[in-house]
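First the structure, in the form of structure tokens, and then the observations on it.
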2 protein chains.
Amino acid sequence: MAQGRRQTGAGRGVTMRDVADRAGVGLATVSRVVNGVSGVAPELAEKVREAARDLGYRHDATASSLRRADRRTDTVALVLEDVANPFSSALQRAITDAAAERGIMVLSGSSDENPSRERDLVETFTARRADGLIVVPTGRADDALRAARIFGTPLVAVDRMVDLEGVDTVTVDNREGTAAAAARLHAAGHRRVAYFGDQPTIWTADERLAGFSDIFPVGPATPVRRGLSSVQAAEHAAHEALASPEPPTAFVSGQNLITIGIRRALQEAGLEHRIALVGFDDFPLADLLTPGVSVIAQDPARLGLEAARLLFARLDGDEGPARHCVVPTRYIARGSGEIPAPSARP
Amino acid sequence: MAQGRRQTGAGRGVTMRDVADRAGVGLATVSRVVNGVSGVAPELAEKVREAARDLGYRHDATASSLRRADRRTDTVALVLEDVANPFSSALQRAITDAAAERGIMVLSGSSDENPSRERDLVETFTARRADGLIVVPTGRADDALRAARIFGTPLVAVDRMVDLEGVDTVTVDNREGTAAAAARLHAAGHRRVAYFGDQPTIWTADERLAGFSDIFPVGPATPVRRGLSSVQAAEHAAHEALASPEPPTAFVSGQNLITIGIRRALQEAGLEHRIALVGFDDFPLADLLTPGVSVIAQDPARLGLEAARLLFARLDGDEGPARHCVVPTRYIARGSGEIPAPSARP
DNA sequence: CGTTTCCAAGGAAACGTTTCCAGAGCTCTC
DNA sequence: GAGAGCTCTGGAAACGTTTCCTTGGAAACG
């Protein structure tokens, strides 16, 4: 049998009017039953439910939200960097779960760090009248976000700060986290430490580098590479650094994929036990490698939950000033970050 | 400044009527301009666009789809097992990208292998009048899916077969993949091989076990554990197997998390170089471990793309019989699967 | 010049729902 | 026993859009 098209479905096209006629009641009564409003005689309500079941009636959420006084669509939209990245998907999971508790659905899309894709997504989402937006912003004061603000859709920026009046934000204590990790390396005797970071347009990339520089001011002994955004790029850059006349005794990475790239290069050179490595953001299996990869771990689920909470507060009518929520990071020692500098070795 | 609520936004509440009044044209003309229909005088169209810009007008997709003849919402819904799982997020990513090319948005949710959550999600999605559904089904012939079919929403099952008339499916050649991997172990001299699999309610779990049994018929020498669904559970089970009087010389795992759990147990016992391990489904960093973890790799992006294609064909009016698409797997040798049986060692 | 043809443009109906309002039937109170 | 108050019900308007259909005017044709 062929799969029916929408028009041919049994229940498709059945409206409240049809249910009302079959149950022998008025349209308004059906609406009341469907929405669970009290004040309908029990036997009448049962008759309506039966008719609805018989006809295969399905409530139409789009028509409903169009007419309803609050015009809510019970939908929030999520603009991620890339759903396939574990950080993003953990964020999405947390937000989706928090939303589900309130009967809210989540639309999502990936910007791939591309401002024009971000703009497209925000535009599509506002056209669909999402009740609110949670965005991992590509830039500091993106036009798209500004437009959403002007339109009046509540907006929460997550993971990165944004220069927009009145936007709630949730971030991680990037600078402190990196500084603390760098301080540990310093205490272990490291003086030649390389920092590999993401594109400078990204807020977190700046913050993390700043934390590193708090301990290791940029200079010839502390080479900094920025703009790395893939495992391959980081791997290549690490090989270059290792081939230099005075290679670093430790690496600090500002991101997930970069950490993996560096580690890959170290393993290829057989140096993973001799050169220290600390990465920002935890990743699965970091503990199964030998040595385990020490990281500055964030809690993406927590980040998502806080973002959802801020957004829901706005949806509930909170008109207060913009809030900023900072979630702490946690250093996880697994071995790679505890390798001492050669000079400090016995 | 306080973040405005939806009612207070500048553009919020601006309708086509307002734009029409400001531009001094009729409502119908604005609609034509907004939808890019030809047959409007250029200067009039420009006037409309200007008025829309001035007022901050945003097209309302919900009202639009309500009235439009085809009643399309340009939305498809995705029911995953768990967005946070790399397999699921890769699937989502591929589907979202394919959909974006057609201007279609993707709603998604996680069933967590729970049929009642699956039912909730399918119901919510049909209430929102998604044009189509892509589902990783929890069961063989779920009520929820049947209901969607009856309602007439095109439905594609992905990753798992489903016993429903006329439902398109996309799966991987599970049985062949596992059988081929098992055959390699057999050739390497292994005779005591343990199989650890997921819950038997899951179609793929059955298929993969069947493939294993094609080579190693279930018996005392080939212990089978099923119903493992977390890293911890698998780790625990592996420890038990290793402590048995005659421990297996190789493990075959039917899933991602199980593979990791087994590997974790092997490393804790210091046996990762002596006992072979092959897992179904690749995972990041499998190659950075020593030895690297050999896997039967699937291509989730490909799976998602095929599912999207099947669905879009239905949306485009394809009324043909249900189709079934099988995507091949690929064995990736990384070391752990190439460890020979002790008897075969020199 | 009169008639037809064509095309741009606007008025109004309709999509499926929620919600206001009015009416009907009741009980309760003075 | 009549009016007030209450509860339940249904009719109809409205949400913002698309689309049918009509209209007015200009161009084309005899």
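Quick note on labels: first sequence line is chain A, next is B, and so on, each numbered from 1. Scope of the values below: all heavy atoms of this structure, side chains included, with no hydrogens, waters or symmetry mates.
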Between [N] ([atom2]) and [X] ([atom1]): distance, integer Å:
{"X": "B:Lys47", "N": "C:dA8", "atom1": "NZ", "atom2": "P", "value": "17 Å"}
{"X": "B:Arg17", "N": "D:dA14", "atom1": "CZ", "atom2": "P", "value": "15 Å"}
{"X": "A:Leu55", "N": "C:dG16", "atom1": "CG", "atom2": "P", "value": "14 Å"}
{"X": "B:Asp70", "N": "D:dT17", "atom1": "CG", "atom2": "C1'", "value": "13 Å"}
{"X": "A:Asp60", "N": "C:dT18", "atom1": "CG", "atom2": "P", "value": "9 Å"}
{"X": "A:Leu27", "N": "C:dT18", "atom1": "CG", "atom2": "P", "value": "9 Å"}

- Gap between atom CH2 of A:Trp203 and atom CG of A:Asp163 - 0.5 Å precision: 10.5 Å
- Nearest-0.5 Å distance, OG1 of residue A:Thr96 to CG of residue B:Leu80: 9.5 Å
- Do we see a donor-acceptor contact under 3.5 Å between the side chains of A:Glu113 and A:Thr201? no
- Message: Between C:dG10 and B:Arg32, counting only base atoms on the nucleotide and side-chain atoms on the residue, is there a donor-acceptor pair under 3.5 Å?
- Response: yes
Does OP1 or OP2 of [N] have a side-chain N or O of [X] closer than 4.0 Å?
{"X": "B:Thr29", "N": "C:dG10", "answer": "yes"}
{"X": "A:Ser31", "N": "C:dT17", "answer": "no"}
{"X": "B:Arg129", "N": "C:dG16", "answer": "no"}

Shortest side-chain distance from [X], nucleotide among [options]:
{"X": "B:Arg71", "options": "C:dT17, C:dG16, D:dT18", "result": "C:dG16"}
{"X": "A:Met16", "options": "C:dA8, D:dT18, C:dT18", "result": "C:dT18"}
{"X": "A:Arg68", "options": "C:dC15, C:dG10, C:dT18", "result": "C:dT18"}
{"X": "B:Thr15", "options": "C:dT19, C:dG16, D:dG16", "result": "D:dG16"}
{"X": "B:Arg67", "options": "D:dT18, C:dA9, D:dC15", "result": "D:dT18"}

- Assign each of B:Val40 and A:Ala61 to its nearest nucleotide of DNA chain C by heavy atoms, then name whichever residue's nucleotide is nearer the 5' end. B:Val40
- Residue whose closest nucleotide on DNA chain C lies nearer the 5' end, B:Leu66 versus A:Val34: B:Leu66
- Task: Quick one: look up who D:dA13 pairs with, Watson-Crick or G-U, both distances under 3.5 Å, and put none if it's unpaired.
- Result: C:dT18
- Touch check for A:Ala28, heavy atoms < 4.0 angstrom, all strands: base, sugar-phosphate only, or nothing? base
- Query: Which part of the nucleic acid does A:Leu44 contact within heavy-atom distance under 4.0 Å: base, sugar-phosphate only, or nothing?
  - Reply: sugar-phosphate
- For the side chain of A:Asp131 and the backbone of A:Asp74, is there at least one donor-acceptor N/O pair under 3.5 Å apart? yes
- Show your working on side chain to side chain contact (heavy atoms under 4.5 Å, CB included) between A:Met161 and A:His324 and close with a plain yes or no. CA-CA 9 Å; A:Met161 280 303 253; A:His324 180 45; 3.4 Å; yes
